[in-house]
There are 2 protein chains.
Amino acid sequence: MAGFSSNTEQNILVAARKVFIEKGRDGARMQEIANEAGINKALLHYYFRSKQKLFEAVFLEAFDKFLPQTELLISSDKPFFEILKSFIENYIGLILENPHIPGFILHELSQNPENIAQFISSRVNHLPVLIEKIREEMAQGKIKPMDPRQIMVNIIGLCVFPFVARPIIKAVFFQDDDTAYEIFLQERKNEVYNFILNSIKPC
Amino acid sequence: MAGFSSNTEQNILVAARKVFIEKGRDGARMQEIANEAGINKALLHYYFRSKQKLFEAVFLEAFDKFLPQTELLISSDKPFFEILKSFIENYIGLILENPHIPGFILHELSQNPENIAQFISSRVNHLPVLIEKIREEMAQGKIKPMDPRQIMVNIIGLCVFPFVARPIIKAVFFQDDDTAYEIFLQERKNEVYNFILNSIKPC
DNA sequence: ATTTGGTTTAACTAATTAATTTAACCAAAT
DNA sequence: ATTTGGTTAAATTAATTAGTTAAACCAAAT
């Protein structure tokens, strides 16, 4: 069976992704990851020397996926509000495909506030660029004057929060009806855009 | 020294609160809680038979604190937008005093989506009431027509998110400047209110 | 035919940690 | 003076889990 069913390393990463993101770093078990990957612990450690190494691989990958990739949007010459609309749709769409990543990232970051700072800043040069863009619009009077960082936090928060708080929102406002909540999430692509739009454009 | 320094049970709860909320259920260690409480493990288990029991005590307490207490606000006969303003100020103020609770609750709930549903719904009868209030305003044309649940999620999300995502926001937008971020959080009491106001009131 | 590399099996080590036990301590109440 | 209840200390148990090891297996490449 050697080398036949393609790349074991990938199988492991898929399994590790699932278990780590579901259980968190501390809650995850190497045995469970091995089971999930359909291999045994020995082979697991053969590929990734330690839990820590494996976790880092999963975390970095998840982190890169979690960050909104705004390069394309920013470089486009569309009007700002179209860029905004695309951004929100893309970002919510991305999270819909990986709904557990935001909670995972935020939780693990909260546990490691230390050395992560520099490594973050090296990967998020584009968000401040988006802030610049907001500032320009503001100067032209197309956006109400306010701290652009507040706007950015609002945008991202409105996209992310419904996923991070999924169980509680689903219970409180949707009587635990999965389908209803799924629809609610889909509708947010428009809702969030309109919400932001109305709140930042001069009346 | 018996019975002198008041209630050991309280000391334990304070310590457990700190450790559990900081490290999460899986990351917390009974030994660390005992140290933090200034006692030994034996006494810790003497008061709370198991880690699970202690965790539940901490979790339930935190959960109750985390839920916005809206009864007073709702029962008041102030105009809706004043109620809204109070709600946001109170809630952000509450979280400012317990900034790690939201992340803690949301993370632990994500790990236990099962049996928690009923226990939640028994404690949050007031949030749906607030939804009713929104609906009334909407009927009178004082709020744009839209799904009231979207509004509620937006309100709560805007209050909570900056705390849940603190490390990453602080790194990306504030170059890890604690003071700057603290100011930013304070300003949100007004920012969030204005943001919501502008986005839901008819133009 | 032999070598090689990915793989399994299964037992094992080592470390960590929750939980228990037992004896002793001591201050306050009786 | 004795009892009692909260407390400590320190050793111990029991369970879990990360990580290791060594031997064998097997398919593909040489």
Next item on the list: Would you kindly give the CG-to-P distance between B/L44 and D/dG6, to the nearest whole Å?
Entry: 16 Å
Notebook entry, point to check: Can you find a heavy atom in the side chain of B/L13 that is under 4.5 Å from one in the side chain of B/K18?
Noted result: no
Checklist line | Nearest-Å distance for atom pair CZ/P, residues A/R25 and D/dT17 | finding: 16 Å
Next item on the list: Please determine, for C/dA27, whether a Watson-Crick or G-U wobble partner exists with both distances under 3.5 Å, and give it or none.
Entry: D/dT4
Notebook entry, point to check: Looking at A/Y46, does any N or O in its side chain come under 4.0 Å of the phosphate oxygens OP1/OP2 on C/dT7?
Noted result: no
Check: Counting only heavy atoms not in B/H45, do more than 12 sit closer than 6.0 Å to its NE2 atom?
Finding: yes
Notebook entry, point to check: What's the CD-C1' distance between A/Q10 and C/dG6, to the nearest Å?
Noted result: 16 Å
Next item on the list: Give a yes or no on whether B/K133 atom NZ has more than 12 heavy-atom contacts from other residues, nucleotides or ligands under 6.0 Å away.
Entry: yes
Check: What's the CD1-P distance between B/I12 and D/dG6, to the nearest Å?
Finding: 12 Å
Margin query: Which nucleotide, if any, forms a Watson-Crick or G-U wobble pair with C/dT20, using both distances under 3.5 Å?
Written below: D/dA11
Item checked: Interatomic distance, A/Y47 OH vs D/dG19 P [rounded to whole Å] -> 18 Å
Check: What string of B, S and - do you get for nucleotides 9-24 of chain C, 5' to 3', if B is base contact, S is sugar-phosphate-only contact and - is no contact with any protein heavy atom under 4.0 Å?
Finding: B-------SBBBB---
Note to self: Please report whether the ring centroid of B/F20 lies less than 6.0 Å from that of B/F104.
What the structure shows: no
Next item on the list: Could you tell me whether B/F161 and A/F161 have their ring centroids closer than 6.0 angstrom?
Entry: no
Checklist line | Other residues, nucleotides, ligands: >12 heavy atoms within 6.0 Å of B/K142 NZ | finding: no
